[in-house]
Amino acid sequence: VGDVIVDEAGDKSRILMAQGKGKYRTYIASVENHFTIPYYSPQTAKELKSEGYKIEGEQEEVEMTVAEISKALGKTVKVVK
């Protein structure tokens, strides 16, 4: 509760309420770009993600090979133990 979520277009909403537990947990978010006005429909985390929402500032974990990292950095990467 209180987290800001952002969709792919950059519109932001705030999580105003969470209810339930586990896979049945639902969230009430604010109307886009109006952080105090609740959106009428509770949604699960899965529904929010399928609509392109993610928590603002949250880093997405990505798996990469050393070759992919080298290519992304434009440098040779050496694994040091």
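Along the sequence shown, the residues carry numbers beginning at 1.
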List, by chain and then residue number, the residues other than Phe35 in its hydrophobic cluster (Ile/Leu/Val/Met/Phe/Trp/Tyr, side-chain heavy atoms under 4.5 Å); write none if there are no others. Val4
Contacts of type side chain to side chain donor-acceptor pair (under 3.5 Å), residue Asp3, not counting sequence neighbours: none
Closest heavy-atom contact between Ile15 and Ile5? CD1-CD1, 3.9 Å
Contacts of Ala45 that satisfy side-chain contact (heavy atoms from CB on, under 4.5 Å) - sequence neighbours left out: Tyr27
Applying side-chain contact (heavy atoms from CB on, under 4.5 Å), can you list everything that pairs with Ala9, at least two apart in sequence or on another chain? Asp7, Asp11
For residues 63-81, which residue pairs pass the salt bridge (charged side-chain N to carboxylate O under 4.0 Å, His left out) check, not counting sequence neighbours? none
Could you list the cluster mates of Met17? Members are the ILVMFWY residues connected by side-chain heavy atoms closer than 4.5 Å, either directly or through other members. Ile28
For Pro38 and Val31, which heavy atoms make the closest approach, and how far apart are they? O-CG2, 3.8 Å
Is it the case that over 12 heavy atoms from other parts of the model lie below 6.0 angstrom from the CD atom of Gln19? yes
Under 4.5 Å between side-chain heavy atoms, chaining through other members, with only Ile, Leu, Val, Met, Phe, Trp and Tyr counted: pull out the rest of the cluster around Val66, sorted by chain and number. Val62, Met64, Ile69, Leu73, Val77, Val79
Looking at Arg14, is its backbone amide N or carbonyl O close enough to the side chain of Ser30 to form a donor-acceptor pair, meaning the two atoms are under 3.5 Å apart? yes
Per the salt bridge (charged side-chain N to carboxylate O under 4.0 Å, His left out) rule, what does the pair list look like for residues 30-55, sequence neighbours excluded? none
Among all residues two or more places apart in sequence or in another chain, which pass the side chain to side chain donor-acceptor pair (under 3.5 Å) test with Lys12? Glu56
Do you know which two heavy atoms are closest between Arg25 and Gly20, and how far apart they sit? NH1-O, 2.9 Å
